[in-house]
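Order of listing sets the numbers, starting from 1, for every ligand and every atom in it. Quick caveat, the model's predicted, so the values are computed rather than measured.
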Amino acid sequence: MNTLLSSSYGHFDDARREYVITRPDTPLPWLNYLGQDDFFGLCTNTAGGYSFWRDAKLRRLTRYRYNNIPMDVGGRYLYIRDAATGDVWNPGWKPVKTPLDFYECRHGIGYTRITGARRGISAEMLFFVPPGETLEIWRTTLRNTGETARRIQLFSFVEFCLFEALNDMTNYQRTYSIGEVEVDSSDGAIYHKTEYRERRNHYALFGCTHPISGYDTCRDAFVGVHNGLHEPQAVLAGAARNSIAHGWSPVGSHFIELNLQPGEAREFAFLLAYVDQGEPASENPRFTDPFVINKTKGRALMAKYKNIAAVDDAFGRLNVTWTSHLSAFQVTQSPDPIAARMANIWNQYQCMATFNLSRSASMFETGIGRGMGFRDSNQDILGFVHMLPDRARQRILDIAATQLSDGTCYHQYQPLTKKGNAEIGGDFYDDHLWLVLSTCAYIKETGDRAILDAPVGYADKPGGTENLLHHLETSIAYTMKQRGPHGLPLIGHADWNDCLNLNCFSTEPNESFQCAGDVKGSIAESAMIAGLFLYATRELTELYRWLGRAADAMRIAQHHAEMLDAVETHAWDGEWYIRAFDAAGKPVGSNVCDEGKIFIESQAWCVLGGAGAGNGRARQALESVHQHLYTPDGIILQQPAYSTYHLELGEVSSYPPGYKENAGIFCHNNTWVHLGWCQLGEGDRAFEYYLSICPAAKEARIETYRCEPYVYAQMIAGRDAATPGEAKNAWLTGTAAWTFVTVSQGIFGLQPGYDGLRLDPCIPRSWPGFSVTRRYRGATYHITVKNPGARSKGIESLKIDGRKISGNVIPIAVPGSTVKIEAEIS
Ligand code: BGC
Ligand code: IFM
């Protein structure tokens, strides 16, 4: 695949799996993530961002000020000073913003490489987290590209966070007095050891593999009380202060002096590590012993990466690891390069980020407010399970353990403790159903039925020995129990649409801008949950059949039938499915409403759940979406937008028209309609819709779109907005997982099943065919589909290693084998 379109800010380099940013002043900071296991970093195209271990709230290593001016300040900085002239600059342009002769940022898969050059000196910094390590490496190359010898001074910089990020940014009466550091100038190691004294046997280490001439750890000494990061006084003066922080704000800065001859280059690395020594032994008299940290692990890390060859080796391992992850699904030949580029590289990469971080830490999520979401993480698994099924398995069990025995769930939990967060309100009556979807997707991917027997208790019954299947049954039973006057599921505080708060009785918004209201006794119902329930019960019925449990399959199928009847009897509005009934029993998302007549979610989920299949309503519902909600920028959440605030609808009407849930284009729910069109065999529609929200297709309009062109955004402003087409909330969105499901299972049509891989593509009629390679249950399938009759759907012939078979399910091959599939749509 070659480079395609480009924007005025950069272009894709598919061969290297990179997005290349060619000027630093992007419309918004364009972000990448470092890390794939336990240690993570956010890294923007100007080296901004922060790092944490496992949990962006509880184990934050470096500080970051959201809502800053300019927007993105603070990060992994290297100041370069010409000792002769005093000229100071950064390779990533910020924070000094001295004009560069050359700037390039290559965001790659798990790494970011920033190169800057000025007046004959070039500096390249490669940031990455080696697989399995709890540290990030800044591989640094300084080169004299000029014709005269140069004396260069370097100052590295991080600002430490005192580990607990909320406390760090709110509780200054305490935090200004607790900071402690230690410096080992012999090996360039700066230890940030706040909290070590107290109860936590951990520290952060900022090391440098090049000999240093000095250091700083006190922000006031290095930056200056009245200076900004664009003018640190130590850098301007060309000398480190060798400061030791006592309280206030500890920082880490190494001072390096280099003499570079023409053509000479120097390569070395900075390391930012988290060292957790585990709980101190109980006999350790922590409060009486002299306060000496155990540097053994820190020193071992420094020694390990002292040699640049070890750094390169680690980077090589990172790339090999990613090639392996991505190779589980690769489009090898496609008429549309954008779809292939996104599916092969960026969409799967984004799925890893959402799996790891849920909705916790991005340029729009502070790492403090949200942990792992119950519904979010279940959905994230759908786009991740093919890459690392074992990690998905563990996650499913972790999530299930945050369900309560009555069927409700902690809406969010903290990644470090895996405990539900009681401060975040519950009563989202869709949450539990997503667990059915993630579990079934996992078993279809792996065949591991044993997960159903894995013991997992309920959050309110510690030590319980129920199993995962018990949780699925509890979930189904809970919705059956919680139904309203029309037999549809009650909505509770909200369903997938967090802002549709139909039990909002107080004009006093609470802290999270959600309306206060007691859901007990409320009759507000959700047609979206009804559709989701239809889908979940169909999944569970199929699972029970596969398990040979016919009676259970029939029992669940009866629940499905009952709900289907309620949907068709009460939720059909004439041309589409209504969205809900409010607390007064009035329809929401109906033609009888003045605003908010039609919503996207209930159309998509009722269709995906199997409603409207035999009576034409499914097609009619999606046609209504096309007529009322579809725009070239994507499908709007509802129309007409709410022009005023409605207490009885809640937060959805609190947004200005065109933004977020009030008639914004919420990319996440668009994907369900894409799948709906695939289900109906409309490949042209599905693909046109797919491209409408695809970031790689936005390059030509990047000044309007503003967000990263390589990852999905949660929201694009709708046509009612003042800024239509403008994206927000990039990276951490359910759009990632669901788009991967759409592309891999809907469009290219590779659908993992209990007994094999079903091949059921739905493509634009103009496509002559495509090829995909899929790793599935240990075997590799090379699949080629031809479309000589210019149709969208319907596999007519299927050959496995040259042998024709009937139907469209590819049987499970021997692990380790390679299978050649030739198929035709005709
Ligand atoms: C929604 C936001 C809302 C928030 C709190 C999010 O999931 O997307 O629009 O402000 O929840 O209710
Ligand atoms: O469904 C939610 C999700 O859980 C968080 N982001 C917004 C979505 C829609 O409100």
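Counting atoms of ligand 2 from 1 in the listed order, those under 4.0 Å from a heavy atom of N497 are 10 (O). Atom numbering of ligand 2 starts at 1 in the shown order; those under 4.0 Å from a heavy atom of F666 are 7 (C), 8 (C), 9 (C). Taking every heavy atom of D376 and a limit of under 4.0 angstrom, the matching atoms of ligand 2 come to 3 (C), 4 (O), 5 (C).
Residue D380 is tested with R391, R395, R359 for a salt bridge (Lys or Arg N to Asp or Glu O under 4.0 Å); the sole match is R359.
Taking the six-membered ring where tryptophan is involved, the planes of H559 and F533 are tilted, since the angle between them lies from 30° to 60°. Relative ring orientation between W605 and W434 is described as perpendicular, the plane-to-plane angle rising above 60° on a 0-90° scale split at 30° and 60°.
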Discussion item. Would H493 and F428 count as a ring-ring contact (aromatic ring centres under 6.0 Å, His included) here? Give the steps.
Written reply: CA-CA 5 Å; H493 174 72; F428 295 85; 5.2 Å; yes
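Under a 4.0 Å heavy-atom criterion, Q714 is in contact with ligand 2.
Checking only distances, R375 does come within under 3.5 Å of ligand 2, N or O to N or O. Considering backbone and side-chain atoms alike, E661 places an N or O below 3.5 Å from some N or O of ligand 2.
Between Y64 and T366 the shortest side-chain heavy-atom distance does not fall below 4.5 Å.
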